[in-house]
Amino acid sequence: MKLIGNYLSPYVRRVGVSLNTMGMPFEFEEVFIFKTPEKVRQYNPLVRIPTLILGNGEVLIESSAILDALDQIAGDERRLVPAFGSERRRVMKEAAIGVGVMEKAQWAFYEGRFRPEEKIQQPWIDHNEKQVLSGLDYLNDAAQKAGEQGWLGDTEKMSQADITAVVAYSFAVTVRPALGIAERVPALAAFADRCEGLEVFKDCPIPNQP
Ligand SMILES: N[C@@H](CCC(=O)N[C@@H](CS)C(=O)NCC(=O)O)C(=O)O
């Protein structure tokens with residue numbers, strides 16, 4: 001299995017951490033999409049990362065679809081989103097909030113990164129940052145309830161809710177440093193520290209911005 005992308009992308013990182021958590025070995029091809037898009041175009045018509053190539057050559061795209069397929073491949077013992085019931089709904093909702101935080105932090109980040117200075121829309125950045133903070137506040141409440149040993153989705157072991165929330169938090173802290181996120185969401189910050197200390201996360205380090 002080969003994962004193409006880089007770990008500044010929270011979508012790529014959630015897939016890498018999930019593969020590690022499920023004990024699925026993979027090769028990682030580090031690609032910075034705006035530098036070398038041709039490395040991805042041959043596999044993915046959208047030219048986006050993550051792109052995952054399975055052992056049989058099948059190509060998977062879009063992190064949530066990739067993770068859904070991996071859960072199926074891994075089977076019930078190792079899957080990261082419970083198969084059914086209220087536990088599944090809870091994990092999916094928290095993971096969705098994590099993905100929303102990623103998207104909104106990404107949009108705020110891209111506004112400053114891709115537009116000429118005179119065309120940057122500060123109200124649009126503010127709008128996105130407000131949603132980042134609101135999503136993180138929600139995850140902070142979940143982290144508060146989880147306590148020092150528990151998990152965000154109230155599951156027995158780490159689930160996709162935890163992985164996506166922590167990857168979203170660490171991404172937001174990295175690309176929106178001026179927001180003072182760690183101080184605003186101390187329970188989530190402590191929870192993220194706990195998870196980022198695990199090998200499955202440490203194996204997928206966020207690179208310096210290219
Ligand atoms: N919804 C997609 C988002 C993927 C995404 O936005 N990837 C970014 C890198 S963080 C990318 O490939 N951007 C290049 C582009 O869209 O042109 C997912 O979950 O996989």
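Side chains included, hydrogens not; waters and symmetry mates left out as well; all remaining heavy atoms used. Both ligands and their constituent atoms are indexed starting at 1 by order of listing.
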| Side-chain contact, heavy-atom cut-off 4.5 Å: Met1 with Leu52? | yes

| field | Flag, side chain of Thr36 to backbone of Glu38, donor-acceptor distance under 3.5 Å | value | no

N/O donor to acceptor pairs below 3.5 angstrom from side-chain atoms of residues 173-193, sequence neighbours left out:
| unit_1 | atom_1 | unit_2 | atom_2 | d |
| --- | --- | --- | --- | --- |
| Thr174 | OG1 | Ser170 | O | 2.7 |
| Arg176 | NE | Glu129 | OE2 | 2.9 |
| Arg176 | NH2 | Glu129 | OE2 | 2.9 |
| Arg184 | NE | Asp137 | OD1 | 3.0 |
| Arg184 | NH2 | Asp137 | OD2 | 2.6 |

| task | Quick one: closest heavy-atom pair of Ile120 and Ile125, and the distance? | result | CG2-CD1, 3.7 Å

| said: Can you see whether Trp151 has Arg194 sitting over its ring - NZ or CZ less than 6.0 Å from the centre and within 45° of the normal? | reply: yes

| query | Between CE of Met22 and CD of Gln160, what distance do you get to the nearest 0.5 Å? | reply | 7.5 Å

| request: Could you name the protein residues that come within less than 4.0 Å of ligand 1, counting only heavy atoms, and order them by chain and residue number? | output: Ser9, Tyr11, Ile33, Phe34, Arg48, Ile49, Pro50, Glu62, Ser63, Gln106, Tyr110

